[in-house]
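Just below is one structure, and these are the notes that go with it.
Order of the sequence lines sets the chain letters (A, B, ...), proteins ahead of strands, with each chain counted from 1. Only heavy atoms go into these numbers, but all of them, side chains included; no hydrogens, no water, no symmetry mates.
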Protein chains: 2
Amino acid sequence: MTEKTRAREEGLHRSDNRRQELMAAAAYLFNQRGYDATSMRDIAREAGMLAGSMYYHFSSKEDLIVATYEEGKRLISTAVLEATDGVEDPWERLTQAAIAHMNTLFGGNNFSILLCADISRTAPTLRSRLIEIRDSYDKLFMDLIEDLPLADDIDKGLLRLNLLGSLNWSTSWYRPGGQTPAQIGAFFVRVMRDGLA
Amino acid sequence: MTEKTRAREEGLHRSDNRRQELMAAAAYLFNQRGYDATSMRDIAREAGMLAGSMYYHFSSKEDLIVATYEEGKRLISTAVLEATDGVEDPWERLTQAAIAHMNTLFGGNNFSILLCADISRTAPTLRSRLIEIRDSYDKLFMDLIEDLPLADDIDKGLLRLNLLGSLNWSTSWYRPGGQTPAQIGAFFVRVMRDGLA
DNA sequence: GGTCCTAACAAACAGTTGTTATAATGACTG
DNA sequence: CAGTCATTATAACAACTGTTTGTTAGGACC
């Protein structure tokens with residue numbers, strides 16, 4: 001049985017592989033230069049293809065962007081859910097979530113970092129699609145913070161933005177060599193819990 | 001004495017006004033759509049001019065971007081320095097700096113917010129020019145944090161990134177109506193100092 | 001009045017953009 | 001071997017990009 005035949009029987013076509021390759025190439029370039037500065041020709045070249053051919057796999061650039069964004073959300077959501085699974089203590093759950101968040105961001109996959117890019121300046125139609133995807137990830141953190149034992153006067157929404165701001169902003173400065181992503185994530189949660197004074 | 005003559009005597013040309021108008025139009029659009037998605041024709045139209053005419057005032061789009069960015073740094077630096085001037089207590093100094101930072105960002109000037117945009121994906125030659133400008137602002141916060149009475153094992157560089165991350169990230173979600181910018185800034189510093197548990 | 005400078009317009013430049021229509025390739029099927 | 005279908009190449013499209021050029025109107029200065 002040839003490889004092709006087996007793939008066919010499993011409902012997989014060659015296009016499924018190429019589709020993944022295109023998404024990987026796109027995510028790589030999106031991270032490097034942003035959506036606007038990455039042309040369809042750039043992505044095609046990176047994947048060893050011509051620009052027109054990509055439209056067999058994705059019907060528009062916007063759909064390709066959304067696909068990579070969604071893949072990023074899928075990967076980081078899975079990682080955070082796995083990391084908190086079975087952990088009881090609320091603060092420990094948040095710590096493990098932050099660590100998993102950071103490890104996924106800087107663990108080599110080019111998809112998840114896309115969720116940390118500021119999309120407030122992207123075109124409205126695309127933006128609304130991306131917001132919906134990211135909100136479903138942010139909800140994980142909202143739930144984690146909801147479970148924290150806090151004083152009544154603490155704005156939990158603001159607290160989530162506080163933590164996610166620090167975590168996400170790290171994508172604009174983090175370089176390997178200093179503290180590890182896990183150490184950074186744990187540090188931010190610890191400061192938030194214990195304070196400094 | 002005509003208006004033109006007085007302007008001339010003060011060393012001001014009409015071009016100085018138009019230059020400011022161009023920068024204001026550019027900053028407005030840069031905030032709305034980002035650098036790449038804002039064309040020179042967009043800016044010119046916003047300022048009531050034709051695209052080619054702008055090259056009398058700025059020799060390139062990159063120079064115009066840098067000029068707006070620098071103006072933003074000038075405004076927010078002044079605000080933070082004034083807010084901390086004469087304040088003694090290190091934590092209170094940081095609190096006042098955070099409040100001034102937020103008040104300037106959301107106080108209606110379109111320049112300062114530009115400093116909070118993630119520039120890690122902008123073209124290298126432009127990026128290096130912007131980094132240099134922003135670093136000179138970040139230094140203000142580095143100094144403020146350096147003066148905090150902290151345990152020896154606290155990474156002060158990481159602490160600055162922690163706070164600036166939260167503050168800067170607010171530009172991607174803040175909308176008028178909830179907590180004021182000043183309240184948000186003060187909250188982030190208070191959580192950092194006192195913790196939650 | 002002649003000359004110079006400021007400031008803007010008008011039109012074009014070459015290159016790039018996302019996208020589309022059509023044709024070619026090539027592997028599997030019967 | 002002929003036919004089918006998935007996948008890619010080719011070539012073109014109109015629109016837009018930053019920038020340059022030649023020109024012009026108007027005021028200031030000697």
Protein proximity profile, nucleotides 10-15 of chain D - base contact B, sugar-phosphate-only contact S, no contact -, cut-off 4.0 Å on heavy atoms: B-B---
Starting from [atom2] on [N], measure out to [atom1] on [X] and report it in whole angstrom.
| X | N | atom1 | atom2 | value |
| --- | --- | --- | --- | --- |
| A/F58 | C/dG18 | CZ | P | 15 Å |
| B/L126 | D/dG18 | CG | P | 13 Å |
| B/M54 | D/dG18 | CE | P | 9 Å |
| A/L64 | C/dT19 | CG | C1' | 14 Å |
| A/R19 | D/dA6 | CZ | P | 16 Å |
| A/M40 | C/dT17 | CE | P | 12 Å |
| B/D36 | D/dG18 | CG | C1' | 12 Å |
| B/R45 | D/dG18 | CZ | P | 12 Å |

Bracket notation of DNA chain C in which parentheses pair within the strand, [ ] cross earlier pairs, and | pairs with another strand (Watson-Crick or G-U, under 3.5 Å): ||||||||||||||||||||||||||||||
Nearest-0.5 Å distance, OG1 of residue B/T38 to CZ of residue A/R121: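 Answer for the OG1-CZ pair, B/T38 versus A/R121, is 10.0 Å.
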Rounded distance [0.5 Å steps], CG in B/L94 versus CG in B/D147: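 Rounded to the nearest 0.5 Å, the CG-CG separation comes out at 10.0 Å.
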Step-by-step side-chain contact (heavy atoms from CB on, under 4.5 Å) determination, B/M192 to A/M192: CA-CA 6 Å; B/M192 178 174 270; A/M192 178 174 272; over 6 Å; no
Side-chain N,O (B/R18) to OP1/OP2 (C/dA7) below 4.0 Å: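 No.
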OP1 or OP2 of C/dT6 under 4.0 Å from side-chain N/O of B/H57: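 False: B/H57 side-chain N/O out of range (4.0 Å or more) of C/dT6 OP1/OP2.
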More than 12 heavy atoms from other groups under 6.0 Å of CG on B/D152: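 No, CG of B/D152 has 12 or fewer neighbouring heavy atoms, counting only those of other groups under 6.0 Å.
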CA sep, side-chain torsions, deciding dist, call: A/S172, B/S120, side chain to side chain donor-acceptor pair (under 3.5 Å): CA-CA 6 Å; A/S172 75; B/S120 67; 6.0 Å; no
Charged N-O contact under 4.0 Å between A/K73 and A/E70: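 No salt bridge links A/K73 with A/E70.
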Closest to the B/S39 side chain, choosing from D/dT17, D/dT19, C/dA8: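 That would be D/dT17.
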Residue A/Y56, side-chain heavy atoms: nucleotide from D/dT8, C/dG18, C/dA7 that is nearest: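 Among the listed nucleotides, the one closest to the side chain of A/Y56 is D/dT8.
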Aromatic contact, B/H101 with B/F188 (centres under 6.0 Å):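 No - the distance between ring centres of B/H101 and B/F188 does not fall below the 6.0 Å cut-off.
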Joint cluster assignment, B/L130 & B/L115, ILVMFWY side-chain distance < 4.5 Å: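 Yes; tracing contacts between hydrophobic side chains, which count when under 4.5 Å, links both residues.
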Any side-chain donor near an acceptor of the partner, B/T104 and B/S112, under 3.5 Å: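 Short answer, no.
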